[in-house]
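Have a look at the structure below before the remarks.
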2 protein chains.
Amino acid sequence: MNDDAMDLRARNKRATRDAISNAALRLAIEQGPSGLALVRVQDIASAAGVSPRTYNNYFSSREEAICALQADQSRRAGQALRARPAGEPLEQAVVAAMVELYTDPEPDRAGLRMIMSTPELEGEALKAFTMAEGPLAEAIAARTGADPARDLFPAVTAASVAGAVRVAGRHWLAPGNTDSFAAVLTRALSCAFRATPS
Amino acid sequence: MNDDAMDLRARNKRATRDAISNAALRLAIEQGPSGLALVRVQDIASAAGVSPRTYNNYFSSREEAICALQADQSRRAGQALRARPAGEPLEQAVVAAMVELYTDPEPDRAGLRMIMSTPELEGEALKAFTMAEGPLAEAIAARTGADPARDLFPAVTAASVAGAVRVAGRHWLAPGNTDSFAAVLTRALSCAFRATPS
DNA sequence: GCACTTGATGCGCGCCACGCAAGTTTGTGG
DNA sequence: CCACAAACTTGCGTGGCGCGCATCAAGTGC
């Protein structure tokens, strides 16, 4: 995962991929949620210094390219939870892991707003956040000794957590909100674990 | 919502829409998750007895057409919960509502498998299930007297419930499973409300 | 160095979403 | 009963896009 842990080929690949998704997100933000159709594949490719055909080797749709960074972050949810001390209670560990994962650094409002409140991106955005569920469920199962094949608890909890992250994002973007994302996220996760009014 | 509660125009529109989404889902199932690319817009349209252009007036992608029935079902989640007696405890009401909504009739294995385990449909499928969250959150807020603008609890709970439904579907489709969907769904929802190993 | 693997690019094809402008059906008021 | 207006369907044309295929260039292991 660290750069010097892979060969030149892999590093170049990752670099191009990052360049493309960064360019895609940046251009999308520039046009805003309403002008997404104006962001052409050609624009993304040339902004990333790459041919349109190459762009297409990495992503098979503009939506996927735009949401790729968010998806990559979500993929790290499992490892974030595993990084917590083994003795820590589940809820506490999950909250700490998610707060660390999603608030380092504090998310970019424009980017998150672009992803979360553009209708054409809704499907990809959901995929991006849902991407956390698999790894998270595995990490939860490992931590609690549950059997992922029989117990529904790990997968359901992972889904609840991912859902809480989404809801927290939406609430954080709402006009008039002044709290830090960490605070909102903590509140949302606490709801997910209690499922009772807070 | 009832057929005779709308004029001819509305009924015809709904009929066309249903014809298209049914045709889309049927054709997709026939080709299986691997052959989705073989289902052309032209095929869906002619199977539904409608022109390709008309198909496009109802849906803006094949994926959307295929998942439309699932999406419509999810949209009814709010009303399903509101139909429960007012005094009933939240968890009990939610479980009853979801079981009634999603197991009447028992879901079609081929259809659900098509939707839930076809990579190209992942985004639309997530949208379809997530579509339940908004109405559900409103119904939960109404039932508990929470303020949707300030309290995260309704939205987070709705997201947990929708997630549990998805997880239940995946588990129910898993090879070797013999339980009824109602049973799996009940178990999943109970996990969502407790967030502790069952 | 040299053969081999892997990624980047150009080209071309089939498909698709959608604006536009008829043509056709449905609902309404005289 | 009829004409008119609103709404739906359809055909056509256009701009993009996803992707297979063949080729070229860069990186890798011996």
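Side chains are part of it too, since the values below use all heavy atoms of this structure and drop only hydrogens, waters and symmetry mates. So that the names make sense, note that chain A is the first sequence line, chain B the second, and so on, each numbered from 1.
Taking the side chain as every heavy atom from C-beta outward, A:E138 and A:P154 never approach each other to under 4.5 Å. A heavy-atom distance below 4.5 Å is found between the side chains of B:Y102 and B:Q70. Here the side chains of B:V161 and B:F193 are in contact, with some heavy-atom distance below 4.5 Å. When side chains are defined from C-beta on, A:W172 does not count as touching A:L185, because their heavy atoms never get closer than 4.5 Å. Side-chain contact check for A:Y58 versus A:K13: some heavy-atom pair is nearer than 4.5 Å.
There is no path of hydrophobic side-chain contacts, each under 4.5 Å, that joins B:V39 to B:I29.
Regarding A:F59, its CZ atom lies at a distance of 12 Å from the P atom of C:dA8, rounded to whole Å. In this entry the distance linking CD1 of A:I20 with P of D:dG18 reads 13 Å, nearest Å. Rounded to whole Å, atom P of C:dG7 lies 15 Å from atom CZ of A:R11. Whole-Å rounding puts the A:N57 CG to C:dG10 C1' distance at 12 Å. For A:E120 and C:dA17, the CD to P distance is 14 Å, given to the nearest whole Å.
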*Give the C-alpha distance, both sets of side-chain angles, the deciding distance and a yes or no for side-chain hydrogen bond (donor to acceptor under 3.5 Å, both in side chains) between B:N22 and B:R26.*
CA-CA 6 Å; B:N22 276 307; B:R26 185 174 59 77; over 6 Å; no
*Determine, stepwise, if the pair B:V184 / A:L152 fulfils side-chain contact (heavy atoms from CB on, under 4.5 Å).*
CA-CA 9 Å; B:V184 179; A:L152 296 179; 4.2 Å; yes
Expected rows: protein N/O vs nucleotides 27-29 of chain D N/O, under 3.5 Å:
unit_1, atom_1, unit_2, atom_2, d
D:dT28, OP1, A:L8, N, 3.1

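Between A:D72 and A:R17 there is a salt bridge, since at least one side-chain N of the basic residue sits less than 4.0 Å from a carboxylate O of the acidic one. Taking a cutoff of 4.0 Å between a charged side-chain nitrogen and a carboxylate oxygen, B:E63 and B:K127 do not qualify as a salt bridge.
Of the side-chain N and O atoms in B:K13, one or more sit less than 4.0 angstrom from OP1 or OP2 of D:dC8.
Remark: A:E100 CD is loosely packed, at most 12 non-hydrogen atoms of other residues, nucleotides or ligands lying under 6.0 Å away.
Of the candidate nucleotides D:dC17, C:dT9, C:dC18, C:dC18 has the atom lying nearest to any side-chain atom of B:S60.
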Donor-acceptor pairs under 3.5 angstrom involving side-chain atoms of residues 111-120 of chain B: please list them, not counting sequence neighbours.
unit_1, atom_1, unit_2, atom_2, d
B:R113, NH2, B:L173, O, 2.6
B:S117, OG, B:R113, O, 2.6
B:T118, OG1, B:M114, O, 2.6

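For the segment residues 64-71 of chain B, the set of residues with a heavy atom within less than 4.0 Å of an atom of DNA chain C is empty. Taking every heavy atom of residues 34-56 of chain B and every atom of DNA chain C, pairs under 4.0 Å involve B:R40, B:V41, B:R53, B:Y55, B:N56, by number.
Axis orientation changes by 30° from one end of the helix from C:dG1-D:dC30 to C:dG30-D:dC1 to the other, with each end axis drawn from 5 pairs and the value rounded to 10°.
For B:A159, the side chain to side chain contact (heavy atoms under 4.5 Å, CB included) criterion is met by A:R166, A:V167, B:E133, not counting sequence neighbours.
Heavy atoms of B:Y58 sit under 4.0 angstrom from primed sugar atoms or phosphate atoms, though from no base atom.
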